[in-house]
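These figures come from a predicted structure and were not determined experimentally.
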Amino acid sequence: MKKLLNDPADVVAEALAGMAAAHPDRLRVDLEHRLVLRAGGPVRGKVAVVSGGGSGHEPLHAGYVGLGMLDAACCGEVFTSPVPGQVVAATRATDGGAGVLHVVKNYTGDLLNFEMAAEIVAAGVDGPPVELAHVVTDDDVAVEDSTWTIGRRGVGVTVLLEKIVGAAAEERWPLDRCHALAERVNRQGRSMAMALTSCTVPAAGRPTFELGEDEMELGVGIHGEAGRATVPVAPAREVAASLVSAVRSDLGLRRGESVLALVNGLGGTPLLELYVMAHEVHRLLAGAGVGVARSLVGNYVTSLEMAGCSVTLLRADEELLRLYDAPVNTPGLRWGV
Amino acid sequence: MKKLLNDPADVVAEALAGMAAAHPDRLRVDLEHRLVLRAGGPVRGKVAVVSGGGSGHEPLHAGYVGLGMLDAACCGEVFTSPVPGQVVAATRATDGGAGVLHVVKNYTGDLLNFEMAAEIVAAGVDGPPVELAHVVTDDDVAVEDSTWTIGRRGVGVTVLLEKIVGAAAEERWPLDRCHALAERVNRQGRSMAMALTSCTVPAAGRPTFELGEDEMELGVGIHGEAGRATVPVAPAREVAASLVSAVRSDLGLRRGESVLALVNGLGGTPLLELYVMAHEVHRLLAGAGVGVARSLVGNYVTSLEMAGCSVTLLRADEELLRLYDAPVNTPGLRWGV
Amino acid sequence: MADLESFRAWVADASATLTDQAEHLTDLDRAIGDGDHGTNMARGFAACAALDPEAGYNGIDAYLKMVGMTLVSTVGGASGPLYGTFFLRLAGPLAAADEVGVHQVGQALRAGVEGVVARGKAQLGDKTMYDALAPALEAFDEASRDGQDLASCLEAAALAAAAGRDATEPLVARKGRASYLGERSAGHIDPGASSATLLIEAAARTLV
Amino acid sequence: MADLESFRAWVADASATLTDQAEHLTDLDRAIGDGDHGTNMARGFAACAALDPEAGYNGIDAYLKMVGMTLVSTVGGASGPLYGTFFLRLAGPLAAADEVGVHQVGQALRAGVEGVVARGKAQLGDKTMYDALAPALEAFDEASRDGQDLASCLEAAALAAAAGRDATEPLVARKGRASYLGERSAGHIDPGASSATLLIEAAARTLV
Ligand SMILES: Nc1ncnc2c1ncn2[C@@H]1O[C@H](COP(=O)(O)OP(=O)(O)O)[C@@H](O)[C@H]1O
Ligand SMILES: Nc1ncnc2c1ncn2[C@@H]1O[C@H](COP(=O)(O)OP(=O)(O)O)[C@@H](O)[C@H]1O
Ligand SMILES: [Mg+2]
Ligand SMILES: [Mg+2]
Ligand SMILES: [Mg+2]
Ligand SMILES: [Mg+2]
């Protein structure tokens, strides 16, 4: 394992210290609880949007803290969900009196830890009551959906949701409306990913999974969870066709509809290749009569240094586009300010 | 070689098509000449800032076209400089009557091709005369400087220069002042890089250089040119110390001065690790009594999927900071709009 | 009869065992999860084993609550809240006791396992830690009804847990990260069922 | 005497040879450069070989200018402008001639090589294509002064180019990308000196 770090056990703490040093104007880092917070403290009267999860997916979530997006991110160990104490601390540190929305990706660990945190806050032992709501993102169509299982993983839609709901919170939407909007964004979006290589968790020291020199993993998860199938490497146009058709059909996209499209790198794929993929994705959507209202190309939800990409499509409408276009000022996403 | 592309010969053209599709509001792509241009066409009365070079360093340069930065980028084959025809076309397409500044990284190929382009434009055979100037960036301290050789490579300072001079041009500084400013930025900045892995040029199909499992390359170039030395892999704090001390001493930074610091990923290193490096870089500078006025952490000048990073320090002053802070709206760098 | 010292010995034994088996558990998790179960468990139990014996928890129940809270705040992932809840709930039936026997340990175990179900909603055959814990509880109860002593009951529980763990191998996961794999999760032993077995085995060695 | 057909044969031969040797040249460039010299040269000369023979260039000089322009616009990198300039300058001394002999070819070669120097500022021993071109020109001139015919002069030039190429191996580069390597550039043959030798060798086979 070759990585730019010191002791693998310290990687998250040191990266957070680096974020604090690099963005002192915008971010405040609580190293004890491993939280990234807005520099300004809680915003009175605004719903606070709090997310978190395992580290290693940067810029998700810590890089999305700031005006127009998150109020705090709880950073777990690499690929390990944060613990309830972190979520409780984030919730208390960001509440501006209008309640807190937890954005949780659908992994058992994240669900249970956020749930315990919510119980602790609700119990009110450590502070005044806080109005809470939570949304669970589960947009990964690589996983079969079923009421018998935990269901689908939360991936790329999480970024778009944090952006859009963050904007609504900035407009002082009340908690129930923010919550309903978040549920709607999650319902309207789907994703699928593929990997050319594995990644290596620093503490583990070796690759999470094995792939042959001519193989790729279709439907991979952002922690290196195996996907739908290991298949031979294919040209970008075929890879794009697999991803787009899986997402499009699951979403039931029809001719004449339009989407926000996210062509996302998993960390180790050059931007040059992501734009080749973007070209194919746009071509395929045009061919299907689906318009692309907004487009993001780059590393937004990563899996350490994994090579590969994901495609997220979010059915667009006027409200979502307006909120998406609203100002945002975070290290990972910025416009309008 | 596992990559997300179709025919390796088409990778640049297809990536440019992807950029056009992804950023139709801001960019226009001339596929014939492989140029990325601002959507709005030439800006009357403004000096046009034109850059370019081999592809594979994205977001440099194509991702820096837009308000407040470049007017056009000329995109060569992967790691191969553009040809004069491209530079001529870009120059003619962006001239708004106030002249054109060419930003060239110090590689023989780039120098010669931009020079021939300048001769062609000066000859005026294909159009009216255009006032031209050029700046050559040569900030890589890994290479020994000498009047007997071509000198140092242009790397990270190029991004900061394009940002700062782009802002001056936006303020309608005349060509000679833009040019002098560009020379000054180049003089005030230095960089050094290291790599944990090689990268693979699509057309070549195999890694540019070899590194053992326990080796890293100190002073590597952005095309995988070998550096100062191949050395054993070291912890982030030692890597940072090597890079910072080389840059700092070459720049002659003294206690009490302050810098713009760029901790740049070469493409394959996760953001988590870049922030660990940023932590070390800030710590080292603080220890040396050097302030960090502005900080950038991320993939800004890449070398395809190479794992590794570079550190660029630019001696700060009021004028540079003001121009750096001015609005910029490009796919790769955006604030203030 | 088990006293506070026994429970502390249990946690110490569990910590040593989990550290020892961390790599094995992580390998199991790498096959059908994300390769952190061993690291997570070893980190959490090391923190529990390091709890200051003088730190003011008077009685078994207070100690177990402290262990539960420590697991919740150090393990992370799915197993942190699940094992945390397990230990928090264990405490209930043991309130205010200085020494506990078969009957109380049986009640505590039931409360703990029910806590895991309440938290994780797993059913038998979902390929989770519950597939080791449920048969362990059943075997304990049966041995207890047969009038066996605490050591024998826990030994029976440990054997049943191991059998339950082994029986997870052919299963298709329906809960936890392994469920994303669908059919491809079959053919691997569940890491949580393995760590649960290690915990019960440690109890059989120490809660006597 | 060489006519337009001879020059076209030269370019065709060069294109075939460079395509054939592309991998070798790229390997040389990978050692002390960026691993694209073979690809660059093969791409550029293939474009020249594909120039439409009917495309209105009347005469050798027009043809060579066309080749030069094509190289400039298709090769890229350092070698594009250098070889482009070489061919553009070759054309000068051959203006308006239908057939050219030793004397004119010698003048053209000198103009071409001077163009490379004017463009690239290389000196002898900098470890560049000039280290093959300069001795080639010298050998040509000497053979020409000795009264040898065009074929013999070009053969002498080719031998000298090859010797110049081989002599680049121990040199420390002072120009081009290899110069970044400093001392580490020694021990490798310069890719541009190799491609220059291939070009002169192709001329010796065709310009007769
Ligand atoms: N809903 C659940 N109920 C009970 N146990 C579960 C549940 N989900 C997961 N587990 C257990 O957790 C184990 C994985 O733990 P761990 O690897 O530490 O967490 P994560 O999956 O978050 O990385 C699984 O092997 C399984 O036994
Ligand atoms: N200043 C120069 N003068 C003459 N030849 C040069 C000069 N700089 C580089 N070269 C030649 O160019 C060759 C490299 O060409 P190529 O690989 O195509 O370009 P690049 O270095 O831009 O990738 C070198 O081997 C050298 O012979
Ligand atoms: Mg985990
Ligand atoms: Mg090159
Ligand atoms: Mg796990
Ligand atoms: Mg080269």
Could you have a look at D:Leu181, D:Val72, D:Ile32, D:Thr39 and say which one has the most heavy-atom pairs with chain B under 4.5 angstrom? D:Val72
May I ask you to check whether D:Phe87 and D:Trp10 place their ring centers less than 6.0 Å from one another? yes
If you tally heavy-atom pairs under 4.5 Å between each of B:Pro82, B:Gly76, B:Pro84, B:Gly85 and chain D, the highest tally belongs to B:Pro84
In terms of heavy-atom pairs under 4.5 Å with chain B, which of D:Lys175, D:Arg177, D:Arg184 leads? D:Arg184
Going by an N to O cut-off under 4.0 Å, is there a salt bridge joining D:Asp131 and D:Arg165? no
Under 4.5 Å to a heavy atom of chain D? For B:Glu119 that would be side chain
Less than 4.0 Å between a side-chain N and a carboxylate O, is that true for D:Asp141 and D:Arg110? yes
Name the region of D:Thr74, side chain, backbone, both or neither, that has any atom closer than 4.5 Å to a heavy atom of chain B. backbone
Most contact-rich option vs chain D, by heavy-atom pairs under 4.5 angstrom, among B:Val78, B:Thr108, B:Leu112, is B:Leu112
Nearest 0.5 Å please: distance from the CG atom of B:Leu313 over to the CZ atom of B:Arg190. 10.5 Å
Measure distances from D:Glu183 to the heavy atoms of chain B and classify the residue's part below 4.5 Å as side chain, backbone, both or neither. neither
So that I can tick it off, tell me whether D:Lys127 and D:Glu169 are bridged by a salt bridge, with the cut-off set at under 4.0 angstrom between side-chain N and carboxylate O. no
Please round to the nearest 0.5 Å and tell me the distance separating atom OG1 of D:Thr197 and atom CG of D:Leu199. 9.0 Å
Check this for me, if you would: do D:Asp3 and D:Arg8 make a salt bridge, where the nitrogen-to-carboxylate-oxygen distance has to be below 4.0 angstrom? no
Only pairs of heavy atoms separated by less than 4.5 Å count here; which of D:Asn40, D:Asp126, D:Val75 has the most with chain B? D:Asn40
Out of B:Glu115, B:Arg228, B:Met116, which one racks up the most heavy-atom pairs below 4.5 Å with chain D? B:Met116
Under 4.5 Å heavy-atom distance to chain D, tell me which part of B:Ser198 shows up: side chain, backbone, both or neither. neither
